[in-house]
Amino acid sequence: MKPRSGDWAVTIDFLQEAASLSNSSNGKNDLQTEADRSAQRCILASLSQQFPEVTIIGEEGPSFCEVPSDWVVTDSDPEVLKMACPAYLQNIDDKDVVIWVDPLDGTSEYTQGLLEHVTVLIGVAVGDRAVGGVIHQPYYNYKRQREGGEVEEMGRTLWGIVGGGVGGFVPTSAPEGCRILTTTRSHSTPVVQAALDALQPDEVIRVGGAGHKVMMLIEGKAHAYVFASKGCKKWDTCAPEAVLIATGGRLTDLHGDSYKYHKDIPHPNTGGVLATGRGQDHDWYLAKLPDAVRQALV
Ligand SMILES: Nc1ncnc2c1ncn2[C@@H]1O[C@H](COP(=O)(O)O)[C@@H](O)[C@H]1OP(=O)(O)O
Ligand SMILES: [Mg+2]
Ligand SMILES: [Mg+2]
Ligand SMILES: [Mg+2]
């Protein structure tokens with residue numbers, strides 16, 4: 001996804017032009033672009049070459065075609081390799097590992113030019129649980145640079161390992177004395193709105209992408225991410241959930257149940273998404289949700 005040296009404007013124009021905007025079989029609001037497909041081929045080829053025994057599930061389905069050899073990434077981040085591996089992850093079998101890949105989260109916003117909403121999500125599950133995640137934000141600082149501002153960093157990568165640590169950002173708690181919610185900007189419904197209303201927010205920030213919204217929580221810009229819809233899938237939540245838990249937050253469905261991420265689990269997150277940042281009382285949010293909202297998510 002990350003274009004080389006300085007050609008941002010050209011690359012973005014190319015990708016948006018190349019976006020076929022083909023509506024997938026899932027409905028008219030579920031876009032897939034050439035960028036989704038290319039990023040997925042690059043990520044799946046890179047991961048499967050290094051971890052042939054691990055199950056890798058990507059949003060855009062299995063990828064069987066060859067990719068150019070320079071798309072295959074096999075190097076590792078030396079800083080992460082210096083970390084101590086948490087004890088519970090030291091003796092795991094590759095066959096118990098599932099990597100959930102969302103090559104481009106926030107496709108709807110991407111096609112509308114809201115590029116900073118886009119993330120690339122790679123989540124690692126062991127058994128049922130999300131244990132590690134990478135949230136890459138390829139267009140971080142893009143707008144500021146296009147407006148002529150000085151930027152130190154173009155694109156950034158945030159990661160977290162449950163019980164291990166986080167990197168690429170400074171975990172920050174949301175301000176006290178108010179309640180800021182974040183939710184969808186492109187998949188709203190009356191039920192989505194009813195859940196938000198019941199939580200009596202001071203502010204609702206509507207942005208694209210599950211990765212982007214969890215970033216708002218871990219950087220203290222919102223207290224909770226509330227999405228009373230069946231629209232998110234396991235690849236939307238695995239990486240964000242792991243990074244969020246690593247900072248002390250929580251992600252469940254709207255009934256308070258945790259999602260499972262083993263290879264045979266159905267992909268849709270049919271119970272909706274409630275994610276709260278560290279220091280938030282997750283159960284308070286659950287208790288405030290009306291029964292009618294919960295019943296819409298069974
Ligand atoms: N109704 C839906 N149909 C398809 N994808 C959805 C739907 N609702 C949510 N998603 C996925 O979950 C992400 C978060 O939702 P939202 O941005 O509306 O809050 C979306 O960017 C999209 O992922 P993707 O862009 O990877 O297809
Ligand atoms: Mg999609
Ligand atoms: Mg997604
Ligand atoms: Mg996607």
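As the structure lists them, so they are numbered: ligands from 1, and atoms in each ligand from 1.
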K.L.:
For ligand 1, which atoms sit closer than 4.0 Å to a heavy atom of G208?
P.N.:
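Counting from 1, the qualifying ligand atoms are 17 (O).
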K.L.:
Near the Mg ion (ligand 4), is there an N/O/S atom from L104 that is less than 2.8 Å away?
P.N.:
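Coordinating: yes.
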K.L.:
Output the list of atoms in ligand 1 that are nearer than 4.0 Å to some heavy atom of G106, sorted by atom number.
P.N.:
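Heavy-atom distances to G106 below 4.0 Å select 21 (O), 24 (P), 25 (O), 26 (O).
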K.L.:
Hey, does the side chain of T172 reach the backbone of G220 with a donor-acceptor pair shorter than 3.5 angstrom?
P.N.:
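Flag not set: sc T172 to bb G220 has no pair under 3.5 Å.
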K.L.:
Consider every N or O of D105 and every N or O of ligand 1, then say whether any pair is closer than 3.5 Å.
P.N.:
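Yes; the residue has a nitrogen or oxygen that sits under 3.5 Å from a nitrogen or oxygen of the ligand.
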K.L.:
Can you name the atoms of ligand 1, numbered from 1 with element, that are less than 4.0 Å from a heavy atom of S186?
P.N.:
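In order of number, 18 (O).
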K.L.:
Which class fits the ring pair W100 and W235: parallel under 30°, tilted 30 to 60°, perpendicular over 60°?
P.N.:
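Because their plane-to-plane angle lies in the 30° to 60° range, the rings of W100 and W235 count as tilted.
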K.L.:
Under a single-linkage definition using a 4.5 Å side-chain heavy-atom cutoff for Ile, Leu, Val, Met, Phe, Trp and Tyr, are L297 and F227 assigned to the same hydrophobic cluster?
P.N.:
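As far as the 4.5 Å side-chain criterion goes, F227 and L297 are connected within one cluster.
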K.L.:
How does F227 reach ligand 1, if at all, at less than 4.0 Å between non-hydrogen atoms: by side chain, backbone, both, or neither?
P.N.:
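F227 to ligand 1: side-chain contact only, backbone stays beyond 4.0 Å.
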K.L.:
Does any N or O atom in R185 lie less than 3.5 angstrom from one in ligand 1, N or O only?
P.N.:
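By distance alone, the answer is no.
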K.L.:
Just jot down the ligand 1 atoms closer than 4.0 angstrom to any heavy atom of K213, in number order.
P.N.:
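Under 4.0 Å from K213, ligand 1 has these atoms: 16 (P), 17 (O), 19 (O).
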K.L.:
Of G211, G231, P240, P103, which has the heavy atom at the shortest distance from atom 7 (C) of ligand 1?
P.N.:
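Nearest heavy atom to atom 7 (C) of ligand 1 lies in G231.
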K.L.:
Only N/O/S atoms count here: what is the atom of E59 closest to the Mg ion (ligand 2) called?
P.N.:
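Going through the N, O and S atoms of E59 one by one, OE2 ends up nearest to the Mg ion (ligand 2).
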K.L.:
Which of the atoms in ligand 1, numbered in the order shown and given with their element, are less than 4.0 Å from a heavy-atom of G209?
P.N.:
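The list of qualifying atoms is 14 (C), 16 (P), 17 (O), 21 (O).
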K.L.:
Applying a strict 4.0 Å limit to heavy atoms, is L104 in contact with ligand 1?
P.N.:
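Within the 4.0 Å threshold, so yes.
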K.L.:
Do the side chains of K82 and E79 get close enough for a salt bridge, i.e. N-O under 4.0 angstrom?
P.N.:
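Salt bridge present between K82 and E79.
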K.L.:
Is the closest basic N to carboxylate O distance between D291 and R294 below 4.0 Å?
P.N.:
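Salt bridge: yes.
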K.L.:
Ion pair present between E116 and K143, side-chain N to carboxylate O less than 4.0 angstrom?
P.N.:
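Salt bridge: no.
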K.L.:
H117 near ligand 1, heavy-atom distance under 4.0 Å?
P.N.:
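Contact absent.
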K.L.:
Closer than 4.0 angstrom, basic N to acidic O: yes or no for E59 and K233?
P.N.:
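No, no charged N to carboxylate O under 4.0 Å.
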K.L.:
So that I can tick it off, tell me whether D283 and R250 are bridged by a salt bridge, with the cut-off set at under 4.0 angstrom between side-chain N and carboxylate O.
P.N.:
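Yes, R250 and D283 are salt-bridged.
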K.L.:
Near K230 NZ, under 6.0 Å, is it more than 12 heavy atoms from other residues, nucleotides or ligands?
P.N.:
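Yes, the 6.0 Å shell around NZ holds more than 12 heavy atoms from other groups.
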K.L.:
Which pair of heavy atoms, one from G211 and one from L121, lies closest together, and at what distance?
P.N.:
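Taking every non-hydrogen atom into account, CA-CD2, 3.8 Å.
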K.L.:
State the atom name: nearest N, O or S atom of D102 to the Mg ion (ligand 4).
P.N.:
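Closest N, O or S atom of D102 to the Mg ion (ligand 4): OD1.
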K.L.:
Counting heavy atoms only, which part of T107 comes closer than 4.0 Å to ligand 1: side chain, backbone, both or neither?
P.N.:
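Both parts.
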K.L.:
Can you check whether A210's main-chain N or O pairs, donor with acceptor, with D105's side chain at less than 3.5 Å?
P.N.:
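Confirmed, D105 side chain pairs with A210 backbone.
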K.L.:
Answer yes or no for S229: is there a heavy-atom contact with ligand 1 below 4.0 Å?
P.N.:
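For ligand 1, residue contact (heavy atoms, under 4.0 Å) with S229 is absent.
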K.L.:
Find all atoms of ligand 1 within a distance of less than 4.0 Å from any non-hydrogen atom belonging to A210, and give their numbers and elements.
P.N.:
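Selected atoms, number and element: 13 (C), 14 (C).
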K.L.:
Below 4.0 angstrom, N of the basic side chain to O of the carboxylate: do K213 and E219 qualify?
P.N.:
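No salt bridge links K213 with E219.
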K.L.:
For the 3.5 Å polar cut-off, considering only N or O atoms, please tell me whether Y225 and ligand 1 meet it.
P.N.:
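The answer is no, given that Y225 and ligand 1 share no N or O pair closer than 3.5 Å.
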K.L.:
With heavy atoms of D102 as the reference, note each atom of ligand 1 found under 4.0 Å away.
P.N.:
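Every atom of ligand 1 under 4.0 Å from some heavy atom of D102: 26 (O).
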K.L.:
Does any N/O atom on E109 come nearer than 3.5 Å to any N/O atom on ligand 1?
P.N.:
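No, no N or O pair falls under 3.5 Å.
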